[in-house]
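See below for the structure under consideration.
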Amino acid sequence: MSDGGRTSQIDPVRAGGGGGAGNAGGGGGGGVVVVVLVVVVLVVVGGSVVVVVVVEVVVLVLVVLVLVEDVLVVGGTVEVVVVVDVVAAGVVVVDVAADADVTVSSPEQAAPTRHITATKDPTCRCHTDTSLAAEMRRAAAGRGRLSAMERVLRVAGGQLGPIQRADAREQVVERLIALLTEAADDGCDLIVFPELALTTFFPRWHTGKISDFDHFYETEMPNAATQPLFDEARRRGIGFSLGYALLETGDDGTVHRWNVQTLVDREGSIVATFKKVHIPGHEEFDPKRPFQHAERYFFEPSPDGFGVWDAFDARVGMMICNDRRWPETYREMGLQGVELILCGYNTPIHYVPDPSQDRLQGFHNKLVMQSGAYQNGTFVVGVAKGGTEEGVASLCESIIVAPSGEILAEATTEGDEVIRADLRLDWCKQYTGTLFDMDYYRRPEVYTRLTTMRGPSG
Ligand code: CDT
């Protein structure tokens, strides 16, 4: 990886846990040869020869699996070529040669084969579980070596519990630094914080004079309150993404209020600041509501739409809360080759216009991010500010989703919590290069309504 080169070498801490006794196989540095004897019995039946594969062959395969674990690691040089390919047993094919590429493929992903460049001290283990999610879990547990030479980003979600109106920014920044520190201690490259992560979710109130709420907005970033977060992140070499309200005054004196998410690299420099595109809720005060959702009063919609940025050796996009519910959000970034979408959210459990949706908040949260990830072959990190804030219960359930649509990590509490996963970025290509090869399969010429209409009535 270009940013610090942290993952361009096998990391003994992350990848070394699984060697165990198996590493002893070639301690002397000499070559090791695995000879697999396949025992067959020839039986003459009625004048013809029938080949009977002895049951022991199955046993032999299992023995080979054990041997593979024991033999593959050969000191400084690997001279072993082991090929094991038993689909039914879920065995991974492993070819190992000294100073050569190590090719690993599994039965369920026959087309996309992952290539790992071997080093002078290649260490490779044979996996008997072909599930990519399981592979990622192994990597996350530091037991795998397969991903060590790929683009693997360790990403954290820094979920926040409630921020009350009386809480000072400095207090909140302390909480953010605690989450960032935990993620950095855990070797994370990047931590994602929620939408409006510096203040309470103030659009739950309405005010006759909007400027009365200007103190909830930042006018610059970093600023005095957030500088310690930037400093600590840079000191620890971890990037972060932070949601907040931004008040900008244009050259002509026009005031703009945005709901934004900023991405900061490991050096503490701002990569990009994304403005929320889909602004939910209402503009006028609604007396029928137990609490307001007046985002359309407090924020302008982004005029820019969805961008992507090359950062952390990945193609990164951002979306904010309600954006995650719209398929166009993901597709706009998918068409730009996004690999990782960062999202912060504040989602009240009670949806006043249709309370029947209340019990479905968690389901819908997962539904949209999992399908968006899958249909666009991208990772999605969705991070909540949840719990009960100023009397309003909000969804937590932060998740990290793989391009397969599978959930790699999920928060279990209603408070400040770090979740994390190792993202093997080339996993995206397994979807965008096959089933969702957009260049090959999409039909934009018949999708004209997508850019000419807002809704069924025009
Ligand atoms: N913050 C935000 O965008 N919340 C919305 C609530 C929708 S109900 C007005 C969301 O989509 O989760």
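FYI, the numbering just counts along the sequence from 1. Remember, it's 1-based here, ligands and their atoms both numbered in the order they're listed.
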Assess whether a salt bridge exists between Lys275 and Glu300, defined as any Lys/Arg side-chain N lying under 4.0 Å from an Asp/Glu carboxylate O.
no

Relative to the heavy atoms of Asn346, which atoms of ligand 1 are at a distance of less than 4.0 Å?
1 (N), 2 (C), 4 (N)

Among all protein heavy atoms in this structure, tell me which lies nearest to atom 9 (C) of ligand 1, with the distance rounded to 0.1 Å.
His293 CG, 3.4 Å

In terms of atom number and element, which parts of ligand 1 are under 4.0 angstrom from non-hydrogen atoms of Glu195?
1 (N)

Is Glu339 salt-bridged to Lys429, cutoff N-O under 4.0 Å?
no

Out of curiosity, is His278 lining ligand 1, as in a heavy atom under 4.0 Å away?
no

Run the numbers for me: atoms of ligand 1, each under 4.0 Å from some heavy atom of Asn322, listed by number.
3 (O), 10 (C), 11 (O)

Can you tell me the protein heavy atom closest to atom 11 (O) of ligand 1 and the distance?
Arg325 NE, 2.6 Å

Who passes side-chain hydrogen bond (donor to acceptor under 3.5 Å, both in side chains) against Arg289, sequence neighbours left out?
His282, Asp286

Side-chain ion pair, Glu232 and Arg234, N-O less than 4.0 Å
no

Atoms of ligand 1 under 4.0 Å from any heavy atom of Phe201, numbered from 1 in the order shown, are 1 (N)

Please state which protein non-hydrogen atom is closest to atom 2 (C) of ligand 1 and give its distance, to 0.1 Å?
Cys321 SG, 2.7 Å

Would you mind telling me which of Leu190, Ile320, Ile191 makes a side chain to side chain contact (heavy atoms under 4.5 Å, CB included) with Leu342?
Leu190

salt_bridge(Arg154, Asp189) N-O dist < 4.0 Å
no

min-distance protein heavy atom vs atom 3 (O) of ligand 1 -> Lys276 NZ, 2.8 Å

Regarding Glu389 and Arg165, does a basic nitrogen lie under 4.0 Å from an acidic carboxylate oxygen?
no

With a heavy-atom distance limit of 4.0 Å, tell me whether Tyr351 approaches ligand 1 through its side chain, its backbone, both, or neither.
side chain

